[in-house]
4 protein chains.
Amino acid sequence: MTLAARGGNRGPAAAADNRRALLRAARELFADKGYNVPLSAIAREAGVGQGVLYRHFPSRLDLAFAVFEENFAELTALAEDEAPDAFERVVARMVELMVESVGFVELVVGARGVVTDYQGDRQLAEILTGPLERARAAGLTAPDIGVEAVALALRMIYGVATTARDDDQRRADVAAALSLVTTRWRP
Amino acid sequence: MTLAARGGNRGPAAAADNRRALLRAARELFADKGYNVPLSAIAREAGVGQGVLYRHFPSRLDLAFAVFEENFAELTALAEDEAPDAFERVVARMVELMVESVGFVELVVGARGVVTDYQGDRQLAEILTGPLERARAAGLTAPDIGVEAVALALRMIYGVATTARDDDQRRADVAAALSLVTTRWRP
Amino acid sequence: MTLAARGGNRGPAAAADNRRALLRAARELFADKGYNVPLSAIAREAGVGQGVLYRHFPSRLDLAFAVFEENFAELTALAEDEAPDAFERVVARMVELMVESVGFVELVVGARGVVTDYQGDRQLAEILTGPLERARAAGLTAPDIGVEAVALALRMIYGVATTARDDDQRRADVAAALSLVTTRWRP
Amino acid sequence: MTLAARGGNRGPAAAADNRRALLRAARELFADKGYNVPLSAIAREAGVGQGVLYRHFPSRLDLAFAVFEENFAELTALAEDEAPDAFERVVARMVELMVESVGFVELVVGARGVVTDYQGDRQLAEILTGPLERARAAGLTAPDIGVEAVALALRMIYGVATTARDDDQRRADVAAALSLVTTRWRP
DNA sequence: CATGAATGAGAGTTCATTCAT
DNA sequence: CATGAATGAACTCTCATTCAT
């Protein structure tokens, strides 16, 4: 139970707060309990009624993608850094997100074949394009490495993250996989 | 308390048939709907009562591992081929299995932290060892590539397979990822 | 995943009605069929969905104790009577409750080793203390008879009630047993 | 798993052994797990197939009464002792049986209204008659105490045994109750 | 607009009972 | 006669979704 509408009906003004509380609760529980955490648990954790959850997010997927969007927003902010090594930091944060959240991975796994208008990779491409170009211009990455190659590499790292036996192994194996793919990015 | 056995009771002779039918149904539904497909759906698809499923496979994991074992049996048979290029064929079939079955991937994903005595990677290693040695002896793979590297590569391909948008993309991306990792295996 | 609420949804206002209906149904079925009557039967008899039962009473014991509480509430009301012969009436009603409800007895029987914080006998003691004191002050009971002795006597009567062959025998034998133990209570 | 038919079909000769094994298993499990222990568990413990259990005891009640009969047989043997104090020993053993077996008590409780031809009290009476007469002749019990009074007393002790919170309390309270009722038996 | 209870469809599991071998 | 698997009904419990207030 966090912030948000505990007592009575706080009126329209509460909508934005509620949405934020729901996103925060969902992010936490998706990470902890996985993508299939009960929606009722999310509403409870957010301190709102279940109806509110449904008003803001008609389906589990809508909620999950909204959380996903928060991840993307964070990454986008990182990507706006003009420094040539921002690319490296963006990728590093992406990989961390995969390692951190059970649900973030499961969402993608579970979404397979379900979501037709999945914008994940397009957004990924948009985020990566700028930093990658600046890194390439600074001679930090090979000229033949495009956004698609980076996206594929990230998906490969997902695979390692989801199949690790425990957290320690996950960090170690993800590092190894990352090193393997980034080797090919060197100029 | 009930009336029981209204339909026919085919007797103990049906046991083997039922087991086979359950494995087939499970294999199909794990592939289609993923690891968390309802057990009741598997029993229905197999044309048996739910009690029969529970008799043969007391838990979802028992069933999943039985299906898993079929995969491993198939791969083991391939691995017994003494030809130097058997390694390549074993890896190819493994990759196909990942592409074919959502559940085969999810089983490994789901096993994370759940199954303590999970032998998946050990079995993987056992299967790969012989073919890999013979391939290396024949000069088909680099001398510094060990079983661990191959296993990590396979997990990376899992990631690509599970995150693909559709079957066509999956096949294409998996091929690209496989090519990426096998490039490093060349002598 | 489901379609839900096909029938009417009477809204939150129904909560109190539902709770009452559940208590009534439970009281009836516990009496008729015993403590282990299916919860689904109670929900059906109350005319509510099973989810409603679970919302109000998360466990069988919660429900049973709620019914039990109704009994205790009734007895407590009787015990507040200041007349010296209230003790006699309280005991008489207790004995009736034992005779009336299979479940009331079985609850106590079933609670054995299951409920660690079972307050049944404490409540029993609280109810009996006042009336017993007033009866003793009025010279209606022997001075050496304490609440424990009364509680033990009641448990003995439970035994007779639960082992009687039919309702008639039960009434007769319970009366005999009650007479046997109350003889010792005389001053 | 105890004795009896473990391997193949031992033929007709096994019937008596099986019956004995079933009774022993049932006695043990009724005492341990209560009257509602799964019949399959009894068959397993006896080391026989479930069909055998059904052949010998068509219903749970038949089995339970057969076990009950074993208790009566033991008591009957005790009752054949001509010594004047055999009565005391018979009663003591009866009380022990109540304390020892959850199922023995539950059987009686559960049988209420179910079994029409319940012979329990008649048998009880038969067992008690001889020893009681000899005890009375020896001046060990009051002349106005009949078999019915003893049976009622035993049922009262059942009540105490079934409502005790734990084994220690059970032994203590049963002793108190027994002392209470036997006080009235003194000459 | 928010609340939170109602709803009911199953999922998982257990077992009594039957019956082919 | 014994075996032990098949059968399926019934039970408990969980949620996604709706909707009166």
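Naming: A, B, ... by sequence-line order, numbering from 1 per chain.
- Taking atom OH on C/Y54 and atom C1' on E/dA11, their separation rounds to 13 Å, with Å as the unit.
- Remark on DNA chain E: of its neighbouring residues A/G51 and D/P58, the 5'-side contact belongs to A/G51, judged by nearest-heavy-atom nucleotide.
- Partner assigned to E/dC15 is F/dG8, using Watson-Crick or G-U wobble distances below 3.5 angstrom.
- Listed pair B/H56 / F/dA6 meets the phosphate criterion, a side-chain N or O lying under 4.0 Å from OP1 or OP2.
- Taking atom CG on A/D62 and atom C1' on F/dT17, their separation rounds to 14 Å, with Å as the unit.
- A straight line from CZ of D/R44 to C1' of F/dA5 spans 14 Å, rounded to a whole angstrom.
- We find that CZ of A/R60 is positioned 12 Å from C1' of F/dT14, with the value rounded to whole Å.
- One atom, CZ of C/F57, and another, C1' of E/dA6, lie 15 Å apart when rounded to the nearest Å.
- Residues D/I42 and D/A25 approach most closely at O-CB, 3.7 Å, considering heavy atoms.
- Put simply, CG on C/N36 is 15 Å from C1' on E/dT14, counting in whole angstrom units.
- Side-chain contact between D/L61 and D/Y35: present, with at least one pair of heavy atoms (C-beta onward) separated by less than 4.5 Å.
- For D/Q50 against E/dT17, a side-chain-to-base donor-acceptor contact under 3.5 Å is present.
- Two residues, C/S40 and B/V52, neighbour DNA chain F, and the one matched to the more 5' nucleotide by heavy-atom proximity is B/V52.
- Each of E/dT17, F/dA5, E/dA11 was ranked by its minimum atom distance to the side chain of B/P38; first place goes to E/dA11.
- Minimum atom distance to the side chain of B/L39 is reached by E/dG12, of the listed E/dG12, F/dT12, E/dT17.
- Taking a pair to require two hydrogen-bonding distances under 3.5 Å in either a Watson-Crick or a G-U wobble arrangement, F/dC1 remains unpaired.
- Computed from coordinates, the D/L61 CG to E/dT17 P distance equals 12 Å when rounded to whole Å.
- In terms of heavy-atom proximity, B/L39 sits nearest to B/L63 at CD2-CD2, 4.3 Å.
- An OP1 or OP2 oxygen of F/dT7 is reached within less than 4.0 angstrom by a side-chain nitrogen or oxygen of B/N18.
- Both B/A41 and C/L53 sit near DNA chain E, but only C/L53 has its closest nucleotide nearer the 5' end.
- The listed nucleotides are E/dT13, E/dA16, F/dA6; the one nearest the side chain of B/A15 is F/dA6.
- Counted by atom type alone, C/R27 and C/N71 present one or more donor-acceptor pairs between their side chains at under 3.5 Å.
- Under 4.0 angstrom from either OP1 or OP2 of F/dG4 there lies no side-chain N or O belonging to B/R55.
- Remark: C1' of F/dA20 and CG of C/D17 are 14 Å apart, rounded to the nearest angstrom.
- When every heavy atom of B/H56 is checked against every heavy atom of B/N18, the shortest pair comes out as NE2-CB, 4.1 Å.
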